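The shown structure was predicted, so the numbers you read here are calculated from the model rather than taken from an experiment. Naming convention: chains lettered A, B, ... in sequence-line order (proteins, then strands); numbering from 1 in each chain.
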Amino acid sequence: MNLLIKGGRVIDPSQGIDETMDVLIADGVVLELGQGIAAPEGTQTIDASGLLVTPGLIDMHVHLRDPGLEYKEDIATGSRAAAAGGFTSVACMPNTSPVIDNKAVACYVVNKAKSEALVNVFPIGSITKGSKGDSLAEMGDLKEAGCVAVSDDGKPVCNSELMRRALEYAKGIGITVISHSEDLALVGEGVMNEGFVSTELGLKGIPWAAEDIAVAREVYLAEFACAPVHIAHISTAGSARIIRNAKARGVKVTCETAPHYFTLTDDAVRGYNTNAKMNPPLRGESDVAAMKAALADGTIDAIATDHAPHHPDEKDVEFNVALNGIVGLETSLPLSLKLVEEGVLDLKGLVSVMSCNPAKILGLDRGTLRVGAVGDVTVIDPAKEWQVDAAKLESKSKNSPFLGWQMKGKAVYTVVKGQVVHQA
Amino acid sequence: MGFRHKDIIALKDLTKEEIELLLDTADNLSEINQRDIKKVPTLRGKTVINLFYEASTRTRTSFEIAAKRLSADAVNITASTSSVVKGETLSDTAANILAMKPDIIVMRHSVSGAHEYLAKRVSCSVINAGDGAHEHPSQGLLDMLTMRQKFGKLAGLKVAIVGDITHSRVARSNIYGLTTMGAKVFLAGPPTMMPPGIERLGNVTVCKDMREAVDQADVVMMLRIQLERQGKTLLPSMREYSRYFGLNPTVLALAKKDAIVMHPGPINRGVELASSVADCDQSAIMKQVENGVAVRMAMLYHVCGGEPVE
Ligand SMILES: [Zn+2]
Ligand SMILES: [Zn+2]
């Protein structure tokens with residue numbers, strides 16, 4: 001069946017497009033872009049007047065908890081949350097049980113996604129076997145099985161020599177390395193950002209230097225190995241500065257931040273709110289400002305959610321023992337649209353960080369509405385107001401600091417390969 | 001005025017009037033502790049559970065005596081006999097304890113915020129007997145009572161607090177309570193034990209040198225150094241700590257003539273305090289322990305809504 005998206009404001013940075021036009025998708029592929037396209041027989045038509053039409057959004061950093069931790073989330077529910085949030089593709093981290101460190105587990109994810117997922121699910125394999133940081137995982141096999149990157153997300157690769165070799169090896173086979181950057185000795189037993197709020201609450205702090213130092217190491221290793229590296233979830237002013245400087249001298253470094261790092265400060269932890277407990281932790285006012293500045297000047301390449309579902313029993317406990325992480329797929333778009341309202345990004349910039357750039361970093365043939373490209377499209381109503389309600393979240397888990405928040409902007413159609421998989 | 005709180009979790013939450021009320025009540029109740037028969041029927045029929053996840057014989061005993069002097073039934077549950085070891089969560093424990101219908105839970109917990117967590121989940125009153133590095137309100141109150149008895153007021157007093165500020169719930173409660181009451185607080189300690197932004201907790205001054213904090217002080221409050229907790233990274237040695245941050249007669253001489261020395265106990269003799277200082281006339285340490293019972297009686301009394309005291 002064909003799909004005609006009529007009269008929307010099409011925003012596609014990959015072709016420099018920002019104008020009102022129609023998009024026709026046939027057999028899952030973009031067939032035509034233009035004014036007044038006539039719908040062939042049997043075409044489903046979406047009236048997109050007043051709406052934004054963008055290449056399908058891509059979240060390059062989510063945790064689907066499948067296999068092994070399906071009580072938090074599984075590929076089906078995670079993909080429904082993605083579709084509801086306007087994402088046509090997600091890349092899922094390998095810290096599952098077992099870890100995605102071999103072809104068999106990667107194939108399990110790919111196959112399960114094929115039969116159960118509403119959106120494209122691209123697995124990320126681990127850098128080291130079991131994500132233990134001892135020896136390299138079989139990256140060639142992982143890539144062949146469909147992995148689009150490697151990462152030991154959840155922990156850093158502590159051994160600098162091993163990280164160097166990982167970057168070199170991954171470059172050779174053409175797979176992206178994603179670094180979870182943390183100096184674990186500096187983190188110690190910290191459970192939130194080190195600062196005034198941690199002092200007041202009497203909680204052990206994590207200094208910003210724990211992130212900055214690790215990011216600096218990755219940058220120097222990438223520079224030395226002449227290999228690309230992608231830094232996950234940056235949260236500090238220092239990380240942004242280090243990456244900005246590295247890019248200026250030609251180091252192949254890219255990075256992402258998450259909506260909570262440009263929306264919330266560690267103030268959100270007050271009251272020992274475990275839904276504000278994450279890693280890296282929510283930082284201070286100046287870091288939030290630095291995230292926005294780094295998005296504005298292109299230092300930050302992507303917005304990813306680090307969607308990290310947890311069961312209520314893992315969050316409804318004393319702060320110290322609560323697990324890190326929040327769900328983010330369904331709140332990412334409105335929180336990011338706020339950046340447009342605030343003048344941090346224009347719409348093209350927003351689509352770049354939420355679609356084009358993630359596609360480029362992961363080497364996906366997506367993030368564009370070019371004729372011939374896969375028909376993944378997100379149709380957004382930027383004015384739609386709604387409230388975040390735990391009962392209405394598609395994710396199996398509800399651990400969000402944004403519950404009850406009034407949001408503006410929502411994906412009203414999520415289209416994957418020409419099929420509407422979500423409609424609001 | 002009455003006391004409107006169900007729980008006492010933090011001195012940060014209390015107003016000047018509420019702190020005054022608790023101290024006045026403690027002053028009144030301390031008379032009971034001098035009687036031959038040290039018991040009044042005020043809380044007869046009330047059940048107080050002392051739930052201690054962290055060993056502290058002093059604080060637990062003090063709360064137990066306070067409850068018994070008011071004729072409440074006090075039951076002690078300690079971590080070793082409770083189910084924590086079996087992996088029971090705090091919320092499970094709370095549900096089980098609540099099923100026994102206590103009126104007050106007095107809890108000591110090693111995790112900051114554990115009391116706030118508990119208080120939200122139980123209908124009975126919760127009194128914080130120390131949570132992690134957050135607050136220790138009964139200690140703060142007994143310290144303030146001791147100072148007020150000595151100087152007649154708290155406003156305008158210069159109080160030096162010396163030691164491991166980062167890990168000290170005693171310091172936090174005293175900072176909140178004392179600054180609310182109008183005292184001036186000066187902090188000193190190794191830079192590794194001074195948390196960021198501490199000067200913003202109340203109107204407090206951080207001093208580089210402990211002599212600066214002690215100079216002309218009315219009160220010198222020494223904190224306990226947790227020998228087992230400081231590991232290898234926070235201090236070069238206990239010897240060096242005692243040289244630069246221990247209270248000896250020479251440093252104490254910088255304080256006002258009638259200054260008092262305080263310590264939440266137990267003391268590491270020769271580390272925070274030279275023995276000669278711990279036992280000198282200016283030491284108010286035993287008075288602090290004595291006042292602990294009266295303050296805890298006042299806390300139990302007020303969270304129960306308060307009937308007239310005999
Ligand atoms: Zn991570
Ligand atoms: Zn992650």
Distance check, rounded to the nearest 0.5 Å: [X] atom [atom1] versus [Y] atom [atom2]?
X: B:His134; Y: A:Phe319; atom1: NE2; atom2: CZ; answer: 13.0 Å
X: A:Phe196; Y: B:Leu201; atom1: CZ; atom2: CG; answer: 5.0 Å
X: B:Tyr117; Y: A:Thr274; atom1: OH; atom2: OG1; answer: 8.5 Å

Closest approach of A:Glu318 to B:Val111 (non-hydrogen atoms, all atoms of both residues): CB-CG1, 3.8 Å
Non-hydrogen atoms of A:Glu194 and B:Pro196 that approach each other most closely: CG-CG, 3.7 Å
Under 4.5 Å from any heavy atom of chain A - which part of B:Arg200: both
B:Arg169 (side chain) donor-acceptor with A:Gly202 (main chain) under 3.5 angstrom: no
Engaged part of A:Leu203 at the chain B interface, taking heavy atoms whose separation is under 4.5 Å: both
Ring-ring centroid check A:Tyr272 B:His115, cutoff 6.0 Å: no
Contacts of A:Asp212 that satisfy salt bridge (charged side-chain N to carboxylate O under 4.0 Å, His left out) - sequence neighbours left out: none
Short N-O contact, A:Asp316 and B:Lys120, less than 4.0 angstrom: no
Side-chain ion pair, A:Glu200 and B:Lys12, N-O less than 4.0 Å: yes
When B:Ser112, B:Ala114, B:Gly113 are compared by non-hydrogen pairs under 4.5 Å with chain A, the top option: B:Ser112
For atom [atom1] of [X], is the number of surrounding heavy atoms from other residues, nucleotides or ligands below 6.0 Å larger than 12?
X: B:Asp209; atom1: CG; result: yes
X: A:Gln387; atom1: CD; result: yes
X: A:Lys132; atom1: NZ; result: no
X: A:Glu161; atom1: CD; result: yes

